[in-house]
Amino acid sequence: MNAWWKFALGLLAATSTSLALADNPWEPVRNLNDSELLKERVVAYETTANKAKLFRQETIDYLSEGAQPDAEFTVNLDPTEKFQTIDGFGAAITGSASVNLTLMPAEDRRALLLETFSPTEGLGYDYVRVSIGCSDFSLSEFSLWDEPGEENFALSSEDLQYVIPILKEILEINPNLKIMASPWTCPPRMKVNNLTELKPFNSWTSGSLNPKYYDEYARYFVKYLAAMKENGIHITAITMQNEPLNRGNSASLFMTWQEQKEFVKVLGPKIRDAGFDTEIIAFDHNFNYDSNKPECRDQFGYPLHIYEDEEAAQYLAGAAYHAYGGNKEEMKRVRDARPDKKLYFTEQSIGSWGYSFGGDLMWFMREIAVGTLNYDCRAVIVWNFMLDDQKGPNRPGGCQQCYGAVNLSTNDHKSVERYSHFYEIGHLAKGFAQGAVRIGAHYAIDGKASEAPRGFYATACLNPDGTAALLAVNDTDAPRKFVVRIGDSSFLAAIDAKATRTFKFQANR
């Protein structure tokens, strides 16, 4: 290729109107978000259910004053109507994910992490979740304090060899990364069979936390925060227990709202007195509180019960949810009841149980990405960032059918396949920066106020840098055209059938 063509292609890339990750999966997203460009053009990214476009990037002209484009409807954005502040979007860096990333050649791992976490050269993921002790995607069963005695607390070899080095590599790429940590179980020596009989229950699975260990277990969290800090890792938030109403996971602890209410009264002061600003988050389980199980029938509305106790509520930033049962409407109910408390979406996995790229894309973007944000959710985190093509490493009793957002080939530990979660989180992270504020989005047809058009879903934000973003989902079989207006900016937008698209633009030019 001669020099002229190299120059021409470089110029085309810099002002690209069509660049797809699908065309070259290892080529990072171009940084088209600089403020000068956004004054002149809108930047858009689109993913379609049929994979014809995978985060396809292009630019769109703003409309001239008085233009009357042919459009089905208008989306009017109102920056004076403000809702929650955005904390971030990402995936879990489990032990399994960390091991797989470590197996990759350094240059390939770096390229993938840049593509994923860089706000300028990639999708801009900026919130991850890790486990305190083992999870169902660790290499073995362990806690950080298996034997009594202060001298026996220590981070695991899995943390030190895999998780922390990967977190540090990500932090080099995106120093604004936030990290949420959750235990799957307390040390088994702290367990009892139930809170009535209080018989020792030395098992990684199920059991309850013995109340006599509340103080020691609270110190366990503080020691973990301190140990991570010593290793250069700041933990933004913790949940007290992953899936507290799930006894059956390979590492698990049954913890009712009644127990979390009492435990946080011990944990909160310990974290505060140790000088940490780490937020404490309640629940971290399904929208329906597993209320179909007889022992969980009094658990419906789990965090709301804790909030009723003012002493406990003062230590809680909010509550976290998974989507393996129930639906997002529960977030609305909790938000309406306690608008002073934050909401987070912290886990959803995909797997071989009927997965299709297009099916998950439409469901997730409609129900979780747009759906939970419109109910004031501040962060969306999916499950494993990376598994291998054998759905592992995994352990007996854990998920044997799960996929990662990215799956790694065991043939060369280099080739990767990107699943729907990879792009779904990208559509959120690329448009909605940390500190963004969700703003009002209203519809009009022929100049008259309207409900959202059938099969169309959207949410919008105003970013700290003065840009705005609209995340749109078209869950119909036909493409759509619509006008987007905010301040003195407007543009004609299009979205393909069965597709999602993120638009980023200047609110006032």
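In what follows, every heavy atom counts, from backbone to side chain, and hydrogens, waters and symmetry copies are set aside.
- With hydrogens and angles ignored, the 3.5 Å screen pairs no side-chain donor or acceptor of Arg247 with any backbone N or O of Phe254.
- More than 12 heavy atoms of other residues, nucleotides or ligands lie within 6.0 Å of CD in Glu107, so this atom counts as buried by the packing criterion.
- Residues Lys261 and Ala312 come closest through the heavy atom pair O-CB, 3.6 Å.
- Between the side chain of Asn194 and the backbone N or O of Thr196, at least one donor-acceptor pair lies under 3.5 Å.
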message: One pair to check against ring pair (Phe, Tyr, Trp, His ring centres under 6.0 Å): His427 and Phe55. What are the steps and the verdict?
response: CA-CA 8 Å; His427 276 281; Phe55 220 79; 4.6 Å; yes
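- Counting heavy-atom neighbours within 6.0 Å of Tyr162 OH, excluding the residue itself, gives a total of 12 or less.
- Side-chain contact of Tyr457 with Glu367: a donor-acceptor pair under 3.5 Å is absent, judged by distance alone.
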- request: Could you check Ile233 against Ile164 for side-chain contact (heavy atoms from CB on, under 4.5 Å), going step by step and ending with a plain yes or no?
  value: CA-CA 8 Å; Ile233 306 297; Ile164 289 175; 4.2 Å; yes
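- Separating the OG1 atom in Thr372 from the CG atom in Leu343 is a distance of 9.0 Å, to the nearest 0.5 Å.
- The backbone N or O of Cys377 sits nowhere less than 3.5 Å from a side-chain atom of Arg335 that would complete a donor-acceptor pair.
- Here CZ of Phe263 is found 4.5 Å from CG of Leu267. Values are rounded to the nearest 0.5 Å.
- Looking only at distances, no side-chain donor or acceptor of Asn100 sits under 3.5 Å from a matching main-chain atom of Ala97.
- Proximity of a side-chain donor or acceptor of Asp87 to a complementary backbone N or O of Arg378 within less than 3.5 Å is not detected.
- Taking the ring centroids of Tyr217 and Tyr220, they lie under the 6.0 Å cut-off.
- Side-chain contact between Thr236 and Tyr127 is present, with at least one heavy-atom pair separated by less than 4.5 Å.
- Of the options Tyr355, Trp383, Phe357, a ring pair (Phe, Tyr, Trp, His ring centres under 6.0 Å) to Tyr403 is made by Tyr355 and by none of the others.
- Arg418 has a carboxylate O that lies under 4.0 Å from a charged side-chain N of Glu115, or vice versa, which qualifies the two as a salt bridge.
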query: Where do Gln348 and Val380 land on the side-chain contact (heavy atoms from CB on, under 4.5 Å) test, with the steps shown first?
result: CA-CA 9 Å; Gln348 182 67 23; Val380 174; over 6 Å; no
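- The shortest distance between side-chain heavy atoms of Glu262 and Pro211 does not fall below 4.5 Å.
- Atom OH of Tyr125 is separated from atom CG of Leu428 by 9.5 Å, given to the nearest 0.5 angstrom.
- You'll find the side chain of Pro303 stays beyond 4.5 Å of the side chain of Lys341, heavy atoms only.
- In this structure, the side chains of Lys265 and Gln314 stay at 4.5 Å or more apart for every pair of heavy atoms.
- Here the CD1 atom belonging to Ile350 is positioned 13.5 Å from the CD atom belonging to Gln401, to the nearest 0.5 angstrom.
- Using a 4.5 Å cut-off on side-chain heavy atoms (C-beta onward), Tyr344 and Ile281 make contact.
- Without hydrogens or angle criteria, Asn463 side chain to Ala433 main chain gives a donor-acceptor distance under 3.5 Å.
- Enclosure of atom NZ in Lys82 is not indicated, since only 12 or fewer non-hydrogen atoms of other residues, nucleotides or ligands lie within 6.0 angstrom.
- Side-chain atoms of Ser143 and Phe153, non-hydrogen and from C-beta on, never get closer than 4.5 Å to each other.
- Side chains of Thr410 and Asp388: a donor-acceptor N/O pair is absent below 3.5 angstrom, by distance only.
- Other residues, nucleotides and ligands contribute more than 12 heavy atoms inside 6.0 Å of the CD atom of Glu150.
- For the pair Thr256/Leu195, no side-chain contact is recorded, criterion being any heavy-atom separation below 4.5 Å from C-beta on.
- Closest of all the heavy-atom pairs between Ala458 and Leu470 is CB-CD1, 3.9 Å.
- Annotation for Lys191 and Trp204: closest pair NZ-O, 3.1 Å, computed over non-hydrogen atoms.
- The backbone N or O of Ser415 lies less than 3.5 Å from no partner atom in the side chain of Ser409, so there is not a single donor-acceptor pair.
- A cation-pi arrangement is not found for Lys270 relative to Phe221, the charged atom failing to lie both closer than 6.0 Å to the ring centre and inside a 45° cone about the ring normal.
- For the residue pair Thr239/Ser182, the side-chain donor-acceptor check at 3.5 Å is satisfied.
- Across every non-hydrogen atom of Gln434 and Asn176, the tightest pair is NE2-O, 2.9 Å.
- Checking Asp277 against His234 by side-chain atom types alone, a donor-acceptor pair falls below 3.5 Å.
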task: Evaluate the criterion side-chain contact (heavy atoms from CB on, under 4.5 Å) for residue pair Glu424 and Asp360; output intermediate values, then yes/no.
output: CA-CA 9 Å; Glu424 290 158 1; Asp360 184 69; 2.7 Å; yes
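- Here the CG atom belonging to Asp146 is positioned 9.0 Å from the CG atom belonging to Asn152, to the nearest 0.5 angstrom.
- The heavy-atom pair separating Trp145 from Glu147 by the smallest distance is CD1-O, 3.1 Å.
- Annotation for Ser206 and Ser252: closest pair N-OG, 2.9 Å, computed over non-hydrogen atoms.
- Under the 30°/60° scheme for interplanar angles, the aromatic rings of Phe432 and Phe89 are found to stand perpendicular.
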- request: Quick one: do Leu101 and Glu169 satisfy side-chain contact (heavy atoms from CB on, under 4.5 Å)? Show the steps, please.
  value: CA-CA 11 Å; Leu101 285 163; Glu169 194 166 350; over 6 Å; no
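- The environment of Lys332 atom NZ is sparse: at most 12 non-hydrogen atoms of other residues, nucleotides or ligands sit within 6.0 angstrom.
- For Gln260 (side chain) and Ala282 (main-chain N/O), no donor-acceptor pair under 3.5 Å exists by modelled atom type.
- Between Val128 and Phe117 there is a side-chain heavy-atom pair separated by less than 4.5 Å.
- A donor-acceptor pair is defined here as one N or O able to donate and one able to accept, closer than 3.5 Å; no such pair exists between the side chain of Asp309 and the backbone of Ile306.
- Ring pair Phe345/Tyr321: centre-to-centre distance not below 6.0 Å.
- Judged purely by distance below 3.5 Å, without hydrogens or angles, the side chains of Asn384 and Thr94 pair a donor atom with an acceptor atom.
- Rounded to the nearest 0.5 angstrom, Met180 CE and Thr278 OG1 are separated by 11.0 Å.
- Distance alone, capped at 3.5 Å, places no donor-acceptor pair between the Tyr423 side chain and the Thr48 backbone.
- Both tests hold for Arg438 against Phe83: distance to the six-membered ring centre under 6.0 Å, angle to the ring axis within 45°.
- Centroid-to-centroid, the aromatic rings of Tyr324 and His285 stay 6.0 Å apart or farther.
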- request: Using the side chain to side chain donor-acceptor pair (under 3.5 Å) rule, take Thr346 and Asp284 through it: C-alpha gap first, then chi angles, then the decisive distance, then the call.
  value: CA-CA 7 Å; Thr346 49; Asp284 202 12; 2.6 Å; yes
